[in-house]
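These notes concern the structure reproduced below.
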Amino acid sequence: MSSQIAGLLQLIALIVALALAYRPLGDYMARVYSSEKHYKPEKWIYKAIGADPAAEMRWPAYLRGVLAFSAVSVLFLYLMQRVQGSLPGSLGFSSIDPDQAFNTAASFVANTNWQSYYGEQAMGHVVQTGGLAVQNFLSAAVGLAVAVALVRGFARSRTGELGNFWADLVRGTVRILIPVSVIGAIVLVACGAIQNFSGIHQVGQFMGGTQEWNGGAVASQEAIKELGTNGGGYFNANSAHPFENPNPLSNLFEIFLILLIPFALTRTFGRMVGSLKQGYAILGAMAVIWIGFTALMMWTEFAHRGPAFEVAGGAMEGKETRFGIAGSSLFAVATTLTSTGAVNSFHSSYTGFGGGITMLGMQLGEIAPGGVGSGLYGMLIMAIIAVFIAGLMVGRTPEYLGKKIGTPQIKLAACYILITPALVLGFTSVAMALPTPGDSMTNSGAHGFSEILYAYTSGANNNGSAFAGLNADTQWFNTTIGIAMLLGRFLPMVFVLALAGSLAEQKPVPETAGTLRTDKPLYSGLLVGTILIITGLTYFPALALGPLAEGLAS
């Protein structure tokens, strides 16, 4: 069987698995966030934190809950790293330096999971399991809560109430993320991922010397790392490491976990707004972009140019032989079109165009299907922009899901889509202009520029993957990427929740003959075109200086 056929079969198997899980999981999540019942363990949590889960919140109160909880999480994780040397189970590792501790705390709380350190050489069991893994659950639950609040903004009318942040946070964690992660961890252990709390030990003789590895609760952390679209690896090699991702079956399962909730959320959206067709329209736009990017990535990486590629069957540099080009390409597209950041190969070694595809996937806003929660609310913002553009073309006040999209709404949507490009391009230009950040580049020319552009694209979009050629463990990059991650995560949430509040206060607009049908394939096509045009106009000059220049020169 050829590698191309094997890749196509993997893609088909993945689509079938996602299709089978789509309806039950999507409907279940809609029930979770619509239920008025509170389980006993949830009541204990509410009592411990002093929250009233029945109290409805307007968008400012909901936002205060998001920001306050996240600020406390950053502080807690920062302090845990700073005192690691005094904690039991530290494996003898010292405390983390201030700039790196800030970067890591910001990274995991912002659902970015950017890592400028070697996990197996820096973090002990307590920080890995009690700090980083916990934030893998909580940061994903925050994203889910914000997405659900926006959906309620569309579903409700004549009220500014969006639900209760604390109830949404707890339910997302207890009822969705934990149960699915437990199942995922069991599957990964069965595939060969490790799960223990062993110390550092020698694993054999290599090239005249010994090599040491430490164990860890890897399978359980790997499950929520992928399911919560987090991406932070227990080991520096991330999902290329055999302890995290042992074989092609585990590789395909991890890709499934990455895409599972973001795709299923479109069903949840349709169920909560009372129109499954609206969810299918959003799903269609996501699926077209995802399949298109996957096809392009496989084409660029399988392309044969020269005898070395002919022998290897494609561009195999930086890829694991146990996954091959197909498994690596599938993973790369899944992780950069979501806010996951996990890698099973090293994107710096991809072809020029292949590296550009990974960057463009993040620059779209990671909305196809995007991160847990963030993908849905990002796509809904783009849906509003698309409706507005259609309204301008026909001279009609735009409407979406029975809500008028007027000046206040479009201003909030515009602010949302401008934040991340401003962070990416602003920090990249400053880093390239200053003398010292360039010293961190492994390569010069277009590829070196791509290393820095990729780093800020990954950080500001809360992805977390790296181009693997940039030494980011410096005070400059730890600090600036940390700032980009926090601003890229929480500033957009301000506009999302403000938009949700303004939509919830409106009264429904009756549908007429002139209303744009947003549940049809024509609208899905308009949405895809809007996304590609806006992203292209924003990032094309920067991409032309990096991956496009490299790809055309090769």
Side-chain angles (χ1 to χ4, degrees), residues 2-15 18 226 229 231 238-240 245 248 251-252 254-256 258-259 262-263 286-305 309 312-370 375 447 450 453-454 457-458 461 463-468 528 531-532 535-536 539 543 546-548 550-552 554:
S2 69
S3 299
Q4 290 89 339
I5 296 297
L8 180 61
L9 292 176
Q10 289 183 60
L11 179 60
I12 292 172
L14 182 60
I15 292 173
L18 290 169
E226 312 296 15
T229 59
N238 207 278
S239 292
N245 192 5
N251 187 66
L252 197 62
E254 289 187 14
I255 300 172
F256 170 77
I258 290 171
L259 300 172
F263 271 129
M286 289 179 172
V288 166
I289 296 174
W290 173 60
I291 292 174
F293 269 60
T294 300
L296 282 173
M297 179 64 83
M298 287 194 178
W299 175 73
T300 60
E301 297 305 300
F302 273 118
H304 296 165
R305 293 186 179 180
F309 283 174
M316 277 298 296
E317 179 188 328
K319 300 179 177 70
E320 289 292 314
T321 55
R322 66 184 189 276
F323 305 138
I325 291 175
S328 300
S329 298
L330 271 173
F331 203 104
V333 171
T335 196
T336 51
L337 278 176
T338 65
S339 63
T340 309
V343 293
N344 74 346
S345 56
F346 292 94
H347 298 171
S348 181
S349 294
Y350 277 51
T351 61
F353 290 135
I357 290 169
T358 61
M359 264 189 273
L360 184 60
M362 293 183 285
Q363 290 164 353
L364 291 181
E366 297 171 329
I367 52 178
H447 196 85
S450 294
L453 176 63
Y454 192 105
T457 298
S458 178
N461 283 281
N463 181 271
S465 64
F467 220 45
V528 172
I531 293 166
L532 296 177
T535 305
Y539 287 105
L543 291 171
L548 290 179
E550 182 183 356
L552 292 172
S554 61

- Message: If you apply the rule side chain to side chain contact (heavy atoms under 4.5 Å, CB included), what do you find for Phe293 with Leu360, and how did you get there?
- Response: CA-CA 9 Å; Phe293 269 60; Leu360 184 60; 3.8 Å; yes
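- The closest donor-acceptor contact from the side chain of Asn461 to the backbone of Gln363 lies at 3.5 Å or more, if one exists at all.
- Here the options are Thr351, Val333, Thr336, the test is side chain to side chain contact (heavy atoms under 4.5 Å, CB included), and the partner is Met297; only Val333 passes.
- Of the inter-residue distances, the one linking Leu330 atom CG with Thr294 atom OG1 reads 6.0 Å to the nearest 0.5 angstrom.
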Evaluate the side-chain hydrogen bond (donor to acceptor under 3.5 Å, both in side chains) criterion for residues Ser348 and Tyr454: first the C-alpha distance (whole Å), next the side-chain angles of each, then the deciding distance (0.1 Å), finally the verdict. CA-CA 10 Å; Ser348 181; Tyr454 192 105; over 6 Å; no
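- Contact between Gly327 and Asn344 at its shortest, heavy atoms only, is O-ND2, 3.6 Å.
- Residues Met316 and Ile325 have side chains in contact (heavy-atom distance under 4.5 Å, counting atoms from C-beta outward).
- In this structure, the side chain of Ser458 does not engage the main chain of Ala466 through any donor-acceptor pair within 3.5 Å.
- Summarising the geometry of Gly355 relative to Pro547, their closest heavy-atom pair is C-CB, 4.5 Å, with the distance given to 0.1 Å.
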Exercise answer: donor-acceptor pairs, residues 5-15 side-chain atoms, under 3.5 Å, sequence neighbours excluded:
none

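- Counting all heavy atoms, side chain and backbone alike, Phe467 lies closest to Met359 at CZ-CE, 4.5 Å.
- In this structure, CG in Leu543 is found 11.0 Å from CD1 in Ile357, a value given to the nearest 0.5 Å.
- Formation of a donor-acceptor pair under 3.5 Å by the Ser465 side chain with backbone atoms of Ala342 is not found in this model.
- Scanning for side-chain hydrogen bond (donor to acceptor under 3.5 Å, both in side chains) contacts around Thr300 gives an empty result, with sequence neighbours left out.
- Take Phe331 and apply the ring-ring contact (aromatic ring centres under 6.0 Å, His included) test, not counting sequence neighbours, and it matches no residue.
- For the 3.5 Å distance criterion, the side chains of Ser239 and Glu226 qualify, holding a donor opposite an acceptor.
- Across all non-hydrogen atoms, the minimal contact from Phe302 to Ala326 is CZ-N, 3.9 Å.
- Under the side-chain contact (heavy atoms from CB on, under 4.5 Å) criterion, Ile367 pairs with Met379, Met382, Ile531, not counting sequence neighbours.
- Legend: residues meeting ring-ring contact (aromatic ring centres under 6.0 Å, His included) with Phe323, ordered by chain and number and at least two apart, are absent.
- Here the closest non-hydrogen pair linking Tyr350 and Ser345 is OH-OG, 2.6 Å.
- Proximity of a side-chain donor or acceptor of Ser339 to a complementary backbone N or O of Asn463 within less than 3.5 Å is not detected.
- Residues Pro369 and Leu259 come closest through the heavy atom pair CD-CD2, 3.7 Å.
- Atom OG1 of Thr338 is separated from atom CE of Met362 by 10.5 Å, given to the nearest 0.5 angstrom.
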Show, in sequence, the C-alpha distance, side-chain angles and deciding distance for Ile255 and Thr335, and conclude whether the side chain to side chain contact (heavy atoms under 4.5 Å, CB included) test is met.
CA-CA 8 Å; Ile255 300 172; Thr335 196; over 6 Å; no
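- Listed by first and then second residue, the side-chain hydrogen bond (donor to acceptor under 3.5 Å, both in side chains) pairs that reach into residues 322-331 are Glu320-Arg322, sequence neighbours excluded.
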